[in-house]
Amino acid sequence: MNQPNGLYLILTNPVAGYEATAQAAVDCHVSMLQLRMKNKTNDQHEVAQTLRAITRGTQTQFIINDNLPLAQHVEADGLHLGQDDLSLPRARQQYDGIIGISTHTLEQAQKAHQAGADYIGIGPLFPTQSKANPDPVIGIPTAANIARSVTCPTVVIGGIQPKHFPELRRHQLPAFALISAVNHSPNPRQAIQHLQHAWQEAQI
């Protein structure tokens with residue numbers, strides 16, 4: 001597994017389309033690309049197969065959100081699970097790819113780490129509209145404390161904007177997940193490049 005670094009892109013109803021947005025992510029060498037279709041429609045398999053074809057053999061690792069059979073079917077690089085999804089031990093029995101876990105507290109993060117998560121998501125850092133029932137906001141200092149408590153790779157998520165990048169860098173948080181900044185853009189390549197440039201500019 002290549003560790004998540006910089007932008008971790010979650011695709012959810014991108015206005016430019018799944019194919020164009022995924023291709024932009026690959027062209028811009030995004031480390032991880034997660035497919036998270038809120039409504040599991042009939043075209044989910046088709047979309048997943050298209051994205052698998054685009055990402056296969058590239059630096060961009062393809063992750064499926066909360067759908068083990070789909071991850072297996074399209075031979076995705078990884079599977080991402082939430083706290084209320086399939087347990088990590090059960091998923092590991094059936095799947096030998098990357099498994100990431102969403103966590104919101106120090107206890108959840110340490111439990112996921114001890115269970116063998118390949119990486120953990122930490123958040124939400126700030127208020128977000130990406131989830132119907134969001135978990136309590138934890139902020140950057142708490143997220144950094146959680147990240148320091150584990151040795152596996154971490155990705156922070158939740159309402160993150162470029163203005164937050166310098167503080168993320170100061171707290172040595174290496175990867176951040178975003179949804180709306182790219183999914184809402186008609187020019188995903190430009191949006192991704194803007195984020196990557198801002199992330200590099202924030203480096204200390």
Side-chain angles (χ1 to χ4, degrees), residues 2-67 70-71 74 76-78 80 98 100 102 119 121-132 134 140 153-169 173-204:
N2 295 326
Q3 293 196 11
N5 180 44
L7 175 62
Y8 176 122
L9 180 58
I10 299 174
L11 287 192
T12 299
N13 299 326
V15 297
Y18 283 100
E19 185 172 352
T21 308
Q23 188 63 59
V26 168
D27 292 344
C28 294
H29 307 295
V30 170
S31 62
M32 285 187 167
L33 178 70
Q34 181 191 131
L35 175 62
R36 189 173 88 179
M37 298 180 76
K38 293 182 180 179
N39 300 314
K40 294 179 170 60
T41 56
N42 293 333
D43 65 346
Q44 188 177 28
H45 278 75
E46 182 179 345
V47 171
Q49 287 176 325
T50 298
L51 268 56
R52 171 72 288 189
I54 291 171
T55 55
R56 191 184 298 278
T58 72
Q59 297 178 43
T60 302
Q61 295 169 107
F62 180 44
I63 311 296
I64 295 286
N65 182 72
D66 183 27
N67 191 324
L70 182 60
V74 302
D77 297 304
H80 189 89
I98 298 165
S102 291
Y119 74 89
I122 303 172
L125 270 59
F126 304 102
T128 175
Q129 303 300 316
S130 298
K131 292 181 68 176
I140 293 177
T154 59
V155 180
V156 291
I157 186 172
I160 298 168
Q161 300 177 33
K163 66 182 181 182
H164 302 127
F165 290 175
E167 189 175 359
L168 294 181
R169 288 288 204 178
L173 293 165
F176 61 96
L178 285 180
I179 301 175
S180 60
V182 175
N183 285 275
H184 293 175
S185 173
N187 189 333
R189 185 188 304 269
Q190 186 178 69
I192 291 169
Q193 290 174 336
H194 171 72
L195 291 166
Q196 291 176 323
H197 178 72
W199 182 249
Q200 288 302 117
E201 287 292 300
Q203 188 169 6
I204 56 173

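Note that the coordinates shown come from a computational prediction; the quantities given were computed from them, not determined experimentally. All heavy atoms count here, side chains included; hydrogens, waters and symmetry mates do not. For this chain, numbers begin at 1 and follow the sequence in order.
At distances below 3.5 Å, not a single donor-acceptor pair connects side-chain atoms of Q193 with backbone N or O atoms of C28. No donor-acceptor pair closer than 3.5 Å links the side chain of N67 to the backbone N or O of R36. Remark: the backbone N or O of Q161 is paired with a side-chain donor or acceptor of H164 at under 3.5 angstrom.
Applying the ring pair (Phe, Tyr, Trp, His ring centres under 6.0 Å) rule to Y18 yields no partners; only residues at least two apart in sequence or on another chain are considered. With sequence neighbours left out, the ring pair (Phe, Tyr, Trp, His ring centres under 6.0 Å) criterion links Y8 to Y119.
Here OG of S102 is found 2.5 Å from NE2 of H80. Values are rounded to the nearest 0.5 Å. How far CE of M32 is from CG of N5: 10.5 Å, rounded to the nearest 0.5 Å. Rounding to the nearest 0.5 Å gives a distance of 11.5 Å between CG of N65 and CG of L11. If you take OG1 on T50 and NE2 on H45, they are separated by 12.5 Å, rounding to the nearest 0.5 Å.
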Subject >> side chain to side chain contact (heavy atoms under 4.5 Å, CB included) between L7 and I192, worked out >> reply: CA-CA 8 Å; L7 175 62; I192 291 169; 4.0 Å; yes
Subject >> Stepwise salt bridge (Lys or Arg N to Asp or Glu O under 4.0 Å) check, D77 with R52 >> reply: CA-CA 9 Å; D77 297 304; R52 171 72 288 189; 3.1 Å; yes
**OP:** List the steps and the verdict of side chain to side chain contact (heavy atoms under 4.5 Å, CB included) for L70 and Q44.
**Re:** CA-CA 9 Å; L70 182 60; Q44 188 177 28; 3.7 Å; yes
Subject >> Verdict with supporting geometry, R169 and Q200, side chain to side chain contact (heavy atoms under 4.5 Å, CB included) >> reply: CA-CA 10 Å; R169 288 288 204 178; Q200 288 302 117; 3.7 Å; yes
**OP:** For H184 and I179, run side chain to side chain contact (heavy atoms under 4.5 Å, CB included): C-alpha distance rounded to whole Å, both residues' side-chain angles, the deciding distance at 0.1 Å, then the answer.
**Re:** CA-CA 8 Å; H184 293 175; I179 301 175; over 6 Å; no
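Shortest non-hydrogen contact noted between T128 and P124 is CG2-CB, 4.3 Å. In terms of heavy atoms, A191 sits closest to A181 at CB-O, 3.7 Å. Considering every non-hydrogen atom in both P188 and A16, the closest pair reads CD-CB, 3.6 Å. Contact record, Q61 with I98: OE1-CD1, 3.3 Å, taken as the closest heavy-atom pair. Closest of all the heavy-atom pairs between Q49 and V74 is CG-CG1, 3.6 Å. Residue A25 comes nearest to L9 through the heavy atom pair CB-CD2, 4.0 Å, listed as atom of the first residue, atom of the second, then distance.
Using a 4.5 Å heavy-atom cutoff, the side chains of Q196 and V30 are in contact. T154 has its side chain within reach of P174: a pair of non-hydrogen atoms, C-beta onward, lies under 4.5 Å apart. V155 places none of its side-chain heavy atoms less than 4.5 Å from the side chain of F176. Between L125 and I157 there is no side-chain heavy-atom pair separated by less than 4.5 Å. Between I54 and E19 there is a side-chain heavy-atom pair separated by less than 4.5 Å. Under the 4.5 Å side-chain criterion, counting only non-hydrogen atoms from C-beta, I10 is not in contact with L178. Residues N13 and N183 are not in side-chain contact: their nearest non-hydrogen atoms beyond the backbone lie 4.5 Å or more apart.
The only member of I63, L35, T60, I64 that meets side chain to side chain contact (heavy atoms under 4.5 Å, CB included) when paired with L51 is L35.
Relative orientation of the F165 and W199 rings is perpendicular, given thresholds of 30° and 60° on the angle between their planes.
Enclosure of atom CD in Q190 is not indicated, since only 12 or fewer non-hydrogen atoms of other residues, nucleotides or ligands lie within 6.0 angstrom.
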